[in-house]
Number of protein chains: 2
Amino acid sequence: MPAPLIPRDEVVLRLLPVFQRYGYDGASLSELSKATGLGRSSLYHYFPGGKADMGRAAIECGARWLRDNAIAPLSGAGTPAKRLGRMLKNLDGLYAGGRASCLLGNLVIGESRQLFQAELAQVFQRWIDALAALAAEAGLPRAEAAKRAQDAVIRIQGALIVGGGLGDTAPFRRTLARIPADLLAGR
Amino acid sequence: MPAPLIPRDEVVLRLLPVFQRYGYDGASLSELSKATGLGRSSLYHYFPGGKADMGRAAIECGARWLRDNAIAPLSGAGTPAKRLGRMLKNLDGLYAGGRASCLLGNLVIGESRQLFQAELAQVFQRWIDALAALAAEAGLPRAEAAKRAQDAVIRIQGALIVGGGLGDTAPFRRTLARIPADLLAGR
DNA sequence: GTCTATAATAGGATAGAC
DNA sequence: GTCTATCCTATTATAGAC
C-alpha cells in the first residue's frame with residue numbers, strides 16, 4: 001500500500017486555520033475540503049468520524065503547537081523573563097499580532113464546547129500550569145503564581161476577542177507587552 | 001390593524017439567548033423559532049433581512065442592556081467604587097456567574113465578525129469609554145484610565161472564554177472580584 | 001401577524017469506481 | 001488514497017391561505 005501523497009499531519013495543519021478563523025459551527029466541509037485540497041471522501045478517509053474528528057485533530061494539533069512553541073520555551077535556558085519572552089514572541093506570530101483569533105477560544109463557543117470540553121479543559125490547564133511553574137520559579141508563592149498564570153491566559157484570550165471586536169490590534173499588543181511584569185514581578 | 005400578540009422587543013429578547021449561547025453560525029432558524037414560539041414566516045415578518053437582521057437586533061438589544069444595566073449605573077449616586085459594584089453585580093447576573101457566555105464575544109467569531117464589525121466596535125468602545133470615564137473621575141490620568149478600562153473589558157471577556165474552556169466559574173468570579181481595585185486604585 | 005407548505009440551497013456523510 | 005456521484009437531512013428563505 002503506497003504512501004499517502006500528503007501525510008495526515010499535513011492535512012491537519014491545513015484544517016486548523018479554518019477552525020481558527022470560522023469556529024467549529026462556521027467551518028463547513030466545503031471550506032475544509034478547499035483548504036486541504038482534498039475531496040470530501042478523502043477527508044473521511046483520514047477522519048472516519050467526520051467533522052468532529054477533524055475538530056478533535058485540530059485541537060490536538062493546537063495542543064502540540066502550544067507544547068512545543070509556548071510551553072517548552074518556558075523551561076529552556078536563560079532567566080524566567082527571557083524564557084517567557086520566547087513564548088510571547090511565538091504567540092504573537094500565531095495570532096498574527098492580534099489580527100487572528102484563537103482556535104481554542106473559538107471552540108469554546110456553541111456546540112463544540114460540549115463536544116470538546118475535556119480536551120479544551122486539558123489544554124487550557126496545561127498552559128496555565130506551565131506559566132504558574134515559571135512564576136513560582138521566579139520566586140512567587142505557589143497560590144499567587146497560579147492566580148497570575150490564569151490571569152495571563154485570560155488576558156490573552158480577552159485581548160483577541162476585544163481587539164477583534166474593535167478591529168484593532170492595539171489591545172493584543174499592549175496585553176502581550178505587560179504580561180512579563182504582571183506575571184513575574186514581585187508584589 | 002390589530003396589535004401584535006407579542007411586541008417586537010419581546011421577540012428580540014427571546015432571540016438573544018440563542019445567539020448568546022450558540023454564536024451566530026450555530027444559531028439555526030429552528031432554534032430561533034423555538035425560542036420565540038414563532039414560526040419561520042413570523043420571524044421573517046419581524047426581520048425581513050432574515051438571520052442577519054435577527055443578529056443585528058440581538059446586538060442592539062445587548063447594547064441597550066449594556067447601556068441601562070452596566071453603563072448607566074456608573075453615573076448614578078455614590079462613590080465610583082460603589083457605582084462600579086452595581087455594574088459588576090449586573091454583569092454577574094447576565095453571565096450567570098460565569099456559566100454563560102457573552103453575546104458580543106461570540107459574535108466576534110466567524111462570519112458574524114465581518115457582518116457586524118461596525119456594531120461590535122461601537123458597543124465595545126462605549127463600554128470601555130464608560131469605564132475610562134469612571135476611572136478618570138476616581139483620579140487617574142486620562143491615558144492610564146483608558147488603558148485600565150480596556151483591560152477590564154478584556155479580562156471579563158477572557159475570563160468567560162477560559163472559564164468556559166475549563167468548565168469552571170472560578171476564573172470569572174475571581175476576575176470580577178479584582179476589577180474594582182485594578183481599575184480604580186491609585187498606582 | 002400567523003400559519004402550513006414548499007422552494008432552493010447548503011450541510012454532513014456515504015458508495016463505489018479507479 | 002482519491003475521485004465523482006449521490007443521499008439524506010437541515011438549512012435559509014419564500015408563497016399564499018387565513
Side-chain angles (χ1 to χ4, degrees), chain A residues 1-59 61 106-107 109-116, chain B residues 1-59 61 106-107 109-116:
Chain A
M1 129 179 165
L5 293 185
I6 46 174
R8 188 192 139 109
D9 283 0
E10 175 62 27
V11 176
V12 178
L13 223 53
R14 298 183 189 182
L15 247 29
L16 204 145
V18 182
F19 287 111
Q20 179 179 0
R21 171 150 188 198
Y22 297 105
Y24 186 74
D25 292 315
S28 71
L29 283 198
S30 306
E31 282 293 332
L32 295 166
S33 173
K34 199 171 66 180
T36 54
L38 294 172
R40 283 161 150 65
S41 298
S42 301
L43 283 178
Y44 276 86
H45 167 75
Y46 288 106
F47 311 97
K51 191 171 155 179
D53 267 9
M54 301 181 213
R56 208 177 311 275
I59 295 183
C61 184
N106 284 4
L107 293 182
I109 269 78
E111 180 196 0
S112 51
R113 177 162 168 175
Q114 293 182 48
L115 204 52
F116 305 125
Chain B
M1 134 176 162
L5 294 184
I6 46 174
R8 188 191 138 109
D9 284 359
E10 175 61 28
V11 176
V12 178
L13 222 54
R14 297 183 190 182
L15 247 30
L16 203 145
V18 181
F19 287 111
Q20 179 178 359
R21 171 150 187 197
Y22 297 106
Y24 185 74
D25 292 314
S28 70
L29 283 200
S30 305
E31 282 293 332
L32 295 166
S33 173
K34 199 171 66 179
T36 54
L38 294 173
R40 283 161 149 62
S41 299
S42 301
L43 282 178
Y44 276 84
H45 168 75
Y46 288 106
F47 311 97
K51 191 170 154 181
D53 267 11
M54 301 181 213
R56 208 177 312 274
I59 295 182
C61 184
N106 284 4
L107 292 183
I109 269 78
E111 180 195 0
S112 51
R113 177 162 167 175
Q114 292 183 49
L115 205 51
F116 305 126

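So that the names make sense, note that chain A is the first sequence line, chain B the second, and so on, each numbered from 1.
Aromatic ring orientation, B:Y24 versus B:F116: perpendicular (interplanar angle above 60°, classes split at 30° and 60°).
Rounded to an integer number of Å, the gap from A:H45 NE2 to D:dT2 P is 7 Å. In this structure, A:E31 atom CD and C:dG12 atom C1' are separated by 15 Å, rounded to whole Å. Between A:D25 atom CG and C:dA10 atom P there is a gap of 18 Å when expressed in whole angstrom units. Rounded to a whole Å, the CD atom of B:E111 is 15 Å from the P atom of D:dT11. Between B:L15 atom CG and D:dT12 atom P there is a gap of 12 Å when expressed in whole angstrom units. To the nearest angstrom, P of D:dT11 lies 14 Å from OH of B:Y24. Atom-to-atom, NZ of B:K34 to P of D:dA10 comes out at 13 Å; the value is rounded to the nearest Å. Atom pair A:L43:CG and C:dA15:P shows a separation of 17 Å (rounding to whole Å applied).
Residue A:S28 places at least one side-chain N or O closer than 4.0 Å to OP1 or OP2 of C:dG11. Phosphate proximity of C:dG1 to B:Y44: absent, as no side-chain N or O sits under 4.0 Å from OP1 or OP2.
The heavy-atom pair separating A:V18 from A:A35 by the smallest distance is CG2-CB, 3.5 Å. Heavy-atom minimum distance, B:Y44 versus B:L29: OH-CD1, 3.6 Å.
Between B:L38 and A:L29, the residue anchored nearer the 5' end of DNA chain C, judged by the nucleotide with its closest heavy atom, is B:L38.
Counting distance only, with no hydrogens placed and no angle test, the side-chain atoms of A:S30 and the base atoms of C:dA10 include no donor-acceptor pair under 3.5 Å. Taking 3.5 Å as the limit, the base of C:dA13 and the side chain of A:S41 contain no donor-acceptor pair of atoms between them.
Counting only heavy atoms from C-beta on, A:K51 has its side chain closest to C:dG12 among C:dG12, D:dC3, C:dG1. Between C:dG1, C:dG12, D:dT11, one nucleotide has an atom nearer to the side chain of B:R40 than all others, and that is D:dT11.
Within 4.0 Å of A:A27, counting heavy atoms only, lie sugar-phosphate atoms of the nucleic acid but no base atom.
Interatomic distance, B:L13 CG to B:C61 SG, rounded to the nearest 0.5 Å: 5.0 Å.
For the pairing with B:Y46, the side-chain contact (heavy atoms from CB on, under 4.5 Å) check across B:D53, B:V11, B:L15 returns one residue only, B:V11.
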